[in-house]
Number of protein chains: 2
Amino acid sequence: MNLDNIIDNIYPLPDRSKALLKERIYEIAYPKATILFRANRIASKVYFIKKGIVRAYANQNEEEITFWFGKEGDAVISMKNYVEDQRGYETIELLEPCELYEIQTEDLRALYKNDIEVANWGRKFAEQELVKIEERFISRQCKVAVERYKELMNNDPDLLKRVQLVHIASYLGITPVSLSRIRAEFK
Amino acid sequence: MNLDNIIDNIYPLPDRSKALLKERIYEIAYPKATILFRANRIASKVYFIKKGIVRAYANQNEEEITFWFGKEGDAVISMKNYVEDQRGYETIELLEPCELYEIQTEDLRALYKNDIEVANWGRKFAEQELVKIEERFISRQCKVAVERYKELMNNDPDLLKRVQLVHIASYLGITPVSLSRIRAEFK
DNA sequence: ATAAGGAATTATCAAATGATAAGAAATGTC
DNA sequence: GACATTTCTTATCATTTGATAATTCCTTAT
């Protein structure tokens, strides 16, 4: 996923503002299983995924609960870090070797302060992430695991192929055994 | 909850920008049971709660699933509306007679375009809402109903007193009967 | 090609939750 | 204050889900 597309999909920037932003963004590649963010640590970077797939999980009672998958075009970010300079609860792990776009949070903040276009880009960025998580939240709250599995099958069949069943099960809030039972019904 | 506090808690604005914003905000009161937003409708307003308590619910299989409570100081907003001009999935109902601060989405957007301070205020607003919903999401994903009930007891005991058990149960994702059983254990 | 290790499925049983209904408590109304 | 209505609790039973373990399937390395 191309950097210009990622930026423009959030909010189309005039050339000058876009140049300011792109000046601060670097490309970087990491191998599978790299940890991008670690729970309870301060991090100061924001990533966008050019290529690859990642998962975010939280530790709860000795268990890893997966609550998000990111793939091409998605932003990888520890919100508590980014927004409040506080320690995040999530660990983010690469499930495949990944190519990423990286920017320092402080660079982003400096741009927000000085360029109204970038400030509005940052606003749209937060707003879009907000809508995304709200949709996941509603789905989590209103639908049972089977329904959410079907939803995933429709919206992102690719993901089901690229990600291990344990993680999908955790994401759906059920055990891998339960997910297997659900799958067995659709044959 | 005072309007100045609400605004400043999001992001302290210089006087001039703050005046621009406040110029567009009106106070209004509604009786209990008023519907502020209706699912699948376009709305074009944003509210902040001065006094009172509200709930947001989505309709799922003939059932109302409560997924949010708002009280003094909280923003009442249909995100899909506000962000994307799309129909929201939520209905928002006043559980008490409420006093509200109201602003038109289009007025807010005009300010974002023209004032970098207000643009950054809007960014912080979205970011803070994002962190709030992320916390609820993680709690929903990682904790079972009992734990989340305890969490609610600690963080917002007031809410438990002001809101009916059916709604709390729905919010926790269990039946009222189940919630009663949970309550009975803490006596 | 085959062996070894990891991942997914299936089976069995125990535990937790839901549905339904009936009773107790609280709230509102006249 | 007493009745009616709503809300909450308790009880019983059926269903669903989880835990554990055994088996099958798939991937990878040599």
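In what follows, chains carry the letters A, B, and so on, assigned in the order in which the sequence lines appear, proteins first and then strands, with residues in each chain numbered from 1. FYI, side chains are in, hydrogens and waters are out, and symmetry mates aren't considered; it's all heavy atoms of this structure.
Look at CG on B:Leu172: it is 15 Å from C1' on D:dC8, rounded to the nearest Å. To the nearest angstrom, C1' of C:dG18 lies 7 Å from CZ of B:Arg181. Taking atom CZ of A:Arg183 as the reference point, atom P of D:dC26 lies 12 Å away to the nearest angstrom. Taking atom CG of residue B:Leu165 and atom P of nucleotide D:dT10, one finds them 12 Å apart after rounding to whole Å. In this entry the distance linking CD of A:Gln164 with P of D:dC26 reads 16 Å, nearest Å. As rounded to whole Å, 18 Å separates atom P of C:dG6 from atom CG of A:Leu95. Atom CG of A:Leu179 and atom C1' of D:dA19 are 16 Å apart (whole Å). In this structure, A:Ile182 atom CD1 and C:dA8 atom P are separated by 15 Å, rounded to whole Å.
Within the 4.0 angstrom heavy-atom criterion, only backbone atoms of the sugar-phosphate kind lie near B:Ser178; the bases stay farther away. When heavy atoms are screened at a 4.0 angstrom cut-off, B:Val166 is found touching the sugar-phosphate backbone but no base atom. Residue A:Thr175 is in sugar-phosphate contact alone, with no base atom involved, counting any heavy-atom pair closer than 4.0 Å across all strands shown.
To the nearest 0.5 angstrom, A:Ile116 atom CD1 is 12.0 Å from B:Tyr112 atom OH.
Aromatic ring pairs are classed by plane angle as parallel below 30°, tilted from 30° to 60° and perpendicular above 60°; the pair A:Phe67 and B:Phe137 is perpendicular.
Under a 4.0 Å N-O distance rule, the pair A:Glu72/A:Lys50 does not qualify as a salt bridge.
The one candidate from A:Tyr101, A:Tyr26, A:Phe125 that meets the ring-ring contact (aromatic ring centres under 6.0 Å, His included) condition with A:Phe48 is A:Phe125.
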